[in-house]
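Some notes on the structure that comes next.
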Amino acid sequence: MNATTETLGRVLARHQGRALPIRSTSALSRDPTSVFMIAPIKMVAEEIVQALAFGDPDGPPQVVTRWNPLSRDAGDLEIFAAALNHYVEAVARNDRMPRFWLPHRSALTVVELLGHRYRTNQMASDALRRMGWQCRAIAEEATYGGQPPVRQMSLGRRNPPSLGQTALVACPRGHSAYMASSSRIVVSSALVAGRMFRQEVRAIGLSIEQGTNSVPDDGRFHVVVDGSVVFSSKVRSAALTRYRSLRDDLLQKAGIEQEPSDPEETKRREREFYDFQAVMSESMWQRTKNAKRKGGKGGSGGV
Amino acid sequence: VTLSSTRGLVRVSKNPDCHLQAAMALERVQEPKFYRSVTGTKYPGEYGERVSARRRGTKFEASLRQNNAAGLRQALGPMFGWDPDSMAVRDFGEEVPGPPTTMRTLRLTRTRRILGDLAADREVPQLLIQPQLALPTGSGPLQHVFVSPDFMVLDPTAGIYVPGEEKSFILRDNVAEPGDLDLTRRQAGAQILALRAECRLVGLADRVTNRAVFVMATPYGMKPAPPVVEHLDAAVYEIERAVTTIATVRDELAMLRSTGDVPLEFLVDELPTHLQEECHRTCILAAYCEARQANSAAVLGDAAADLLGADMRLDRVRALLQGAPPTTAEEHELVARLMVAGRALGLEPDDLVRRLA
């Protein structure tokens, strides 16, 4: 789109009060039988993994949470390293194309940094170094020319967020994907032909689903209340409108108030976490200091 | 957060045609407070740096400066031909602690004394932590901006200090995110100009070249990556333009207040603004400015403003597309180009008329 065409598009879009689409999607082949999803959570302001969910996106994820991500001990990543390597080796053995899913661009950055940290780290185990090389390969190939960047997928929430973190997720197949061969990984971004979609409010038994096990696999979007389909449409926006209207009604009937997230509250929780961490560190520092102290009662100065 | 010192200069350098922003920097306004006094409502979005990001930055700087700046000496010494273990360090953060309002002048005096010693060929420390510089923005008294580099390291071959910044951004294969680097480079540009201004006082200005050194983090925690020296002609040029804008706006404000001391919020409509896409990322008043210029081409983005002219009214563009006769040669050309663009989008002139009805 050149500047004049884009300008005309913007004039028309503004007049109609609509957004101007500047990028379109293109078709991507179906997922291969075996797919690997990596959904990391990083520590706030640190590019360090706090938790990882990984595995087949259609099944329950394997979850690794790290008690102290700042620690030099990376043993808790061994499980992920083994699973990743198992997947890569299996597809290579079967001469198939692997495919990796990541929920958003930040996840790719975290994977890339895992690669940087461990691929040549002499203190790391062989498995972690191999994981580093594999993560690096995924991240490097993601930047191949002509390919759009990874975009955020629609995510189903699995655990409630805590300490200001985003939720750990099990992701249905959505918008972006990595197609890979054992020797070369190519990034592609598009809608998958046979895709799956699900949003739900569990407290009121309401969901909107497409292509899941709970609804007919007919490509339509189904609005489900307590296990029964109450509305179906081929048009996602129509189904979503019905879903939202039902959600508001049911939430009201159930006496559940919806509160928009307050950025001030998020900041307050973040500060609370750091204050708590500071108190914990202080006590540890005091204990270390006391343990190293020399001299008799009354302190080092012998007062 | 106040819009003052280097932060203000950097902001002005990103949009030197916006005199309102320059006035905000000049008057050192607190942005959310100023927003409230202009619009009458509280700023609805999030504002300010994340606490956690600031903590990381502070932690990185502290790790470089502990033990008489051992981390910095190890990183910078070999690059400039110094033995890290024998480098002399003056840490003004420790020598003159305290809030900016009280410590700047004292730190500036000490920094000037060291530059004076350098000019007199006396021995000077190889590393200065948190030195203070002043960049003149006018010829009158107190018409300057305080600029504080994180450190300055002595380059023995050039016989002058090189300003430097410590940033906790992560370098991957010695490459940082371009967005992170843009602000850092402009910050360093202000430091180079301020150092040159200080050196002018002692006759060393010609030794100051447009370069600065950056110490950033590796992916491995707080460990510093190898320092990078960058030549920053473009950033220095941008900051020079910002300084010129600030001088102009100072005169403009003086003229507007010639009949009385009017608060800045009452002068908002008198000062020229220049809405651009970048405003939405940097300025708290971006949405306010956009609403004020809702009928101008500027609200369609930078490319559209370039093509149509920022002052072109949108209703005139719509009228032209709906068949109103062009009155100037520019309008003739514009209509012809837009019609071609319309066909590229599959829209004939009639379709355009219908869509804009």
Side-chain angles (χ1 to χ4, degrees), chain A residues 1-16 18 20 22 42-48 69-72 74 109-110 112-121 123-124 132 135-136 139-140 143 163-165 261-264 266-275 277-278, chain B residues 44-57 59-60 168-173 177 217-222 294-295 297 299-308 312 314-315 317-318 320-322 333-345 347 351-352 354-357:
Chain A
M1 198 183 276
N2 67 27
T4 316
T5 318
E6 188 173 332
T7 299
L8 179 63
R10 283 176 186 251
V11 170
L12 295 172
R14 190 171 178 88
H15 178 72
Q16 293 165 347
R18 302 180 64 163
L20 173 70
I22 56 170
K42 67 169 193 160
M43 204 174 159
V44 176
E46 300 279 353
E47 302 294 341
I48 294 176
L70 292 173
S71 151
R72 285 175 186 275
T109 307
V110 172
E112 186 186 1
L113 284 168
L114 273 180
H116 271 286
R117 287 201 176 101
Y118 294 109
R119 65 191 164 146
T120 56
N121 192 332
M123 306 298 287
C135 287
R136 190 81 187 103
E140 270 181 16
T143 58
L163 299 176
Q165 297 167 341
S261 65
D262 179 7
E264 290 297 325
T266 309
K267 278 192 204 163
R268 190 192 63 72
R269 284 170 56 189
E270 188 178 302
R271 274 198 299 275
E272 198 176 87
F273 167 67
Y274 276 107
D275 288 345
Q277 199 184 43
Chain B
E46 277 192 77
Y47 177 80
E49 200 180 5
R50 290 177 71 96
V51 177
S52 46
R54 206 159 52 228
R55 274 172 196 268
R56 180 180 162 81
K59 229 160 62 174
F60 181 62
S168 59
F169 313 142
I170 290 176
L171 286 187
R172 274 160 270 163
D173 293 335
E177 289 284 326
T218 61
Y220 314 105
M222 293 289 148
N295 196 27
V299 298
L300 296 182
D302 294 348
D306 277 349
L307 182 78
L308 302 173
M312 170 70 97
L314 287 183
D315 48 13
V317 179
R318 279 197 294 270
L320 289 171
L321 288 170
Q322 287 176 307
E333 192 194 328
L334 180 65
V335 171
R337 289 179 70 178
L338 289 175
M339 290 300 164
V340 172
R343 287 194 186 98
L345 291 173
L347 298 169
D351 298 323
L352 288 174
R354 204 166 44 250
R355 288 211 179 197
L356 290 168

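Numbered from 1 within each chain, the chains take letters A, B, ... in sequence-line order.
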Would you mind checking which part of B/Leu300 comes under 4.5 Å of any heavy atom in chain A, side chain (CB onward), backbone (N, CA, C, O), both or neither? both
Which residues pass the salt bridge (Lys or Arg N to Asp or Glu O under 4.0 Å) test with B/Arg355, not counting sequence neighbours? none
Just give me the residue among B/Gly57, B/Ala341, B/Gly342 that pairs up with chain A most often, heavy atom to heavy atom, under 4.5 Å. B/Ala341
Under 4.5 Å from any heavy atom of chain A, what part of B/Met222 do you find: side chain, backbone, both or neither? side chain
dist B/Leu321:CG -> A/His15:NE2 (nearest 0.5 Å) comes out at 10.5 Å
Please look at B/Leu334 and chain A and tell me whether the side chain, the backbone, both or neither of the residue comes under 4.5 angstrom of a heavy atom of that chain. neither
Nearest-0.5 Å distance that lies between atom CD in A/Glu6 and atom CG in B/Leu345: 10.5 Å
Note, A/Thr7 side chain near B/Asp306 side chain (heavy atom, < 4.5 Å): no
State the CZ-OG1 distance between A/Arg117 and B/Thr218, to the nearest 0.5 angstrom. 8.0 Å
Residue part contacting chain A, namely of B/Leu307, when any heavy atom lies under 4.5 Å: side chain
Report which part of B/Ala294 has an atom under 4.5 Å of a heavy atom belonging to chain A: side chain, backbone, both, or neither. both
Below 4.5 Å, heavy atoms only, C-beta onward: do A/Leu8 and B/Leu352 meet side chain to side chain? yes
